[in-house]
Amino acid sequence: ASPVEGANRAGVRLLMWHGLEGLLFLVGVAFHLSAGVQSAVIGRLDLGTFGGAFIFAALMIRVGAPLAHVWLKDAVSHASPVGAALSAFSGVLGVYALARFFPGVPLLIPIGALMIVLGAFFASAEDDLRRAAAYGLTAQTGVSVALIGVGSPLALAGAEGNAFAAIFAFMTLQMAL
């Protein structure tokens, strides 16, 4: 719906990334349920199982982790203002899922730290304000991901608070742009 040049191609790339994410999540849930789980309710997952690994990979795409972050910059810079704001909700949904399924996983700490560094670096180097905002959102999401990796109750509360505040800050920034 955006009048920006290349928006249709960016929408197709977004659909491909989220299709891959959905497929990974579906395969992960299938592996998890086929492992003899007594309940269909999914709680804390083990990263060492096939189901946990596939769901973790899907969530890395959702939060925009390094090597899977290109969809966020692409989607925000070509989207309509409403679509750009929905991208913030999408990333925070991934933060919530990580906090629910993988709290205290040490691998999340370096992933979050790398998201912070890459997001801050690319945001400062970008000349397009919408792309810079998307990289800033990546850095803020990285703070939440790193805190989830710490896993203490205070860190999890901080991750949730940061993610919640980042939504409002990003939406306000999109309205201003």
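Residues take their numbers from the sequence shown, with the count starting at 1.
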Legend entry - Gap between atom CD1 of Ile116 and atom OG1 of Thr138 - 0.5 Å precision: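 The distance works out to 11.5 Å.
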Inset, instruction - Mind checking the CZ-CD spacing from Arg131 to Glu126? Nearest 0.5 Å is all I need. - result: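 These two atoms lie 5.5 Å from each other.
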Legend entry - Any donor-acceptor pair under 3.5 Å from Thr49 side chain to Leu45 backbone: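 No.
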Legend entry - Side chain Asp46, main chain Gly52, donor-acceptor under 3.5 Å: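 Between the backbone of Gly52 and the side chain of Asp46 there is no qualifying donor-acceptor contact (under 3.5 Å).
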Which atom of [X] lies closest to which atom of [Y], heavy atoms considered:
| X | Y | value |
| --- | --- | --- |
| Leu156 | Ala99 | CD2-CB, 4.4 Å |
| Ala123 | Gly136 | CB-N, 4.0 Å |
| Ile111 | Ala65 | CG2-CB, 4.0 Å |
| Met60 | Ala68 | O-CB, 4.1 Å |
| His18 | Ser90 | CE1-OG, 4.0 Å |
| Ala139 | Ala120 | CB-N, 4.0 Å |

Grouping I, L, V, M, F, W and Y whenever their side-chain heavy atoms are under 4.5 Å apart, do [X] and [Y] come out in a common cluster?
| X | Y | result |
| --- | --- | --- |
| Val27 | Trp17 | yes |
| Leu114 | Phe121 | yes |
| Phe170 | Leu93 | no |
| Leu47 | Ile148 | yes |
| Leu98 | Val29 | yes |

Legend entry - Min side-chain heavy-atom separation Leu108-Val105 under 4.5 Å: yes
Inset, instruction - Run through Asn162, Val143, Thr141, Leu59 and flag the one making a side chain to side chain contact (heavy atoms under 4.5 Å, CB included) with Val95. - result: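 That would be Thr141; it is the only one of Asn162, Val143, Thr141, Leu59 passing the side chain to side chain contact (heavy atoms under 4.5 Å, CB included) with Val95.
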Legend entry - Among Ile55, Ile61, Leu20, side chain to side chain contact (heavy atoms under 4.5 Å, CB included) partner for Phe25: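 The single option meeting the side chain to side chain contact (heavy atoms under 4.5 Å, CB included) with Phe25 is Ile55.
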Legend entry - ring pair (Phe, Tyr, Trp, His ring centres under 6.0 Å): pairs with one or both residues in residues 124-164, sequence neighbours excluded: Phe122-Tyr135, Phe164-Phe168
Inset, instruction - Would you list the pairs meeting ring pair (Phe, Tyr, Trp, His ring centres under 6.0 Å) in which at least one residue belongs to residues 82-103, sequence neighbours left out? - result: Phe56-Phe102
Legend entry - Contacts of Leu15 that satisfy side chain to side chain contact (heavy atoms under 4.5 Å, CB included) - sequence neighbours left out: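 Per chain and number, Leu15 pairs via side chain to side chain contact (heavy atoms under 4.5 Å, CB included) with no residue.
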Inset, instruction - Check the surroundings of atom CZ in Arg9: do more than 12 heavy atoms from other residues, nucleotides or ligands lie under 6.0 Å from it? - result: no
